[in-house]
2 protein chains.
Amino acid sequence: MNDTKLIDTRTRILDVAERLFMDSGYEGTSMRQITGEAGVNLAAANYHFGSKEALLQEVFKRRLEWLNKERLRVLDEMETQAGGQPLKPSQIVDAFFGTLLRMGAHPTQGGETFLRLLGRTHTDPSGLIKTLFAAEYSDVLERYKTALFRALPEVPKAEIVWRLHFMLGATSYAIAGTDALDLVTDWQLTEDDKIHSSERLLPRLMSFLIGGLRAPLPPPPDKS
Amino acid sequence: MNDTKLIDTRTRILDVAERLFMDSGYEGTSMRQITGEAGVNLAAANYHFGSKEALLQEVFKRRLEWLNKERLRVLDEMETQAGGQPLKPSQIVDAFFGTLLRMGAHPTQGGETFLRLLGRTHTDPSGLIKTLFAAEYSDVLERYKTALFRALPEVPKAEIVWRLHFMLGATSYAIAGTDALDLVTDWQLTEDDKIHSSERLLPRLMSFLIGGLRAPLPPPPDKS
DNA sequence: TTAGGATTCAAACAAACGTTTGAATGTTGA
DNA sequence: TCAACATTCAAACGTTTGTTTGAATCCTAA
């Protein structure tokens, strides 16, 4: 087992697969495209990963493990700092979603490509993806849920869960690509707005998320 | 041209395609699955629609035309009622997103199936989908954008556009399937919460969206 | 230097894909 | 009733798909 070339082939396949899955989706990407653009033999992909499905799993796994470890680390650090006191909601939101968005600027962790892949995949109901996400996210969500419950003791837990869900949606959409924004854009934004839009995304999204999280509760259900 | 049977075959294909595209995506669904489950001959799909791509377009077109006409009608009605005064932001949000969600309870317009298909497709960057959406949404978004600008004159237009984008994301995710919520759920919700969750989605989402829309603006960009 | 496992490679596999064909059947208006 | 058109149908088309094979090559440890 060669230490430089083996890792190179594996990594080249993973990197290209990540980008192509982002561009064209899982079913829309063929093994021949992946291995072709990666400059490796077709059979190499099956040799290193076993199957296309297993390759998809690896593409997500190597990033999500890093991300969710980082999310737990940041939350741990905040809670230590707070010394038993509940955190501020804005801290929790930043630890979860801010860490995700800042991953887009982290060159060794896939940069924007993985972020966009993740965003577009979050609404994919395919069994494979759902199973993978459930396994990869469960610990992290449990911790953040608990932190939010403590931070917002006056808000019913069901509402917090729903709002976490909405926050995930707004964020997925935001990172799925500023391309999709071209739908909504067109209209009069200054060049300045466009140039800085990527780096300004985080504060803008954060304001929106916290506004939604702290919004007045909906009227209680009709008892008829 | 037979008036009952032709419409039947066409509609049966459209209905099944809508459901299968929702379940498995465009590339993940084959013409044989569609025509098989619809109980029509394989060649019938190509006969009536020309190609798989054209079939996908039709699936979206018949629903989006209805939805966006309805959205414009509701907004027109509100503006007439207001007699030249700007609308309240919450009215505009409800006219746009409320109309969408209420479509899920409209049996002749695809019900929840189309809603979930739309939710999962919103993050799809494929050229075909983007072109279709751009054409189908442009008029409506233009009108609603203008209404929001008038309703929130003190907010910079760029911020409004971004927040509209975030609102679209939260909504897409919410309608893409309460299945995806199983990710976040698990945790202690009462049975009552679960039973009423579908009909309670709209007020919950609305509170979140308006909270986000009206949140304090993010700090201005660093001038360094 | 050499044996043995790891990796690459060209080639082939069966299966599934979207689409087309031409004949058969159904339907309509004169 | 019959000609003209619309629709259905079974069959086949050529591609492309993911995966497998077995030989060739590379690398490393003894």
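All figures in this text were calculated on a predicted structure; none of them were measured in a lab. Below, chains carry the letters A, B, ... as their sequence lines are ordered, and counting in each starts from 1.
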For [X] and [N], give me the distance from atom [atom1] to atom [atom2], rounded to whole Å.
| X | N | atom1 | atom2 | value |
| --- | --- | --- | --- | --- |
| Glu53(B) | dT19(C) | CD | C1' | 13 Å |
| Arg10(B) | dA6(D) | CZ | P | 15 Å |
| Tyr47(B) | dA6(D) | OH | P | 6 Å |
| Ile13(B) | dT8(D) | CD1 | C1' | 11 Å |
| Gln33(B) | dG18(C) | CD | C1' | 13 Å |
| Tyr26(A) | dT17(D) | OH | P | 13 Å |
| Leu20(A) | dG18(D) | CG | P | 12 Å |
| Leu56(A) | dG18(D) | CG | P | 12 Å |

Problem - Comparing Gly50(A) and Val40(B) on DNA chain D - which has the more 5′ nearest nucleotide - result: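 Whichever sits nearer the 5' end wins; that is Val40(B).
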Counting only side-chain N and O atoms of [X], is one of them less than 4.0 Å from OP1 or OP2 of [N]?
| X | N | value |
| --- | --- | --- |
| Thr9(A) | dT8(C) | yes |
| His48(B) | dA6(D) | no |
| Ser30(A) | dT16(D) | no |

Between [options], spot the one nearest the side chain of [X], thanks.
| X | options | value |
| --- | --- | --- |
| Asn46(A) | dT8(C), dT20(D), dG18(D) | dT20(D) |
| Arg32(A) | dG18(D), dG18(C), dT8(C) | dG18(D) |
| Ala43(A) | dG18(D), dA10(C), dA10(D) | dA10(C) |
| Asn41(A) | dA10(C), dA11(D), dT8(D) | dA10(C) |
| Met31(B) | dT19(C), dT19(D), dA10(C) | dT19(C) |
| Leu42(A) | dT8(C), dG18(C), dA11(C) | dA11(C) |

Handout entry: Aromatic ring proximity Tyr173(B)/His122(B), centre distance under 6.0 Å
Key =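 No, ring centres 6.0 Å or more apart.
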Completion exercise
For Phe166(B) and Ala174(A) the tightest heavy-atom approach is CE2-CB, 3.8 Å
Practice task
Using a heavy-atom cut-off of under 4.0 Å over every strand shown, decide if Thr29(B) touches base, sugar-phosphate, or nothing.
Solution key: sugar-phosphate
Problem - Backbone of Asn41(B) reached by a side-chain donor or acceptor of Thr35(B) within 3.5 Å - result: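 Side chain of Thr35(B) to backbone of Asn41(B): no pair is present.
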Practice task
Enumerate the residue pairs fulfilling salt bridge (Lys or Arg N to Asp or Glu O under 4.0 Å) with a member in residues 44-58 of chain B, sequence neighbours excluded, ordered by first and then second residue.
Solution key: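 Qualifying pairs, neighbours excluded: Arg10(B)-Glu58(B).
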Exercise for the section: May I ask you to say whether Arg19(B) pairs ionically with Glu112(B), meaning some side-chain N is under 4.0 Å from a carboxylate O? Expected result: no
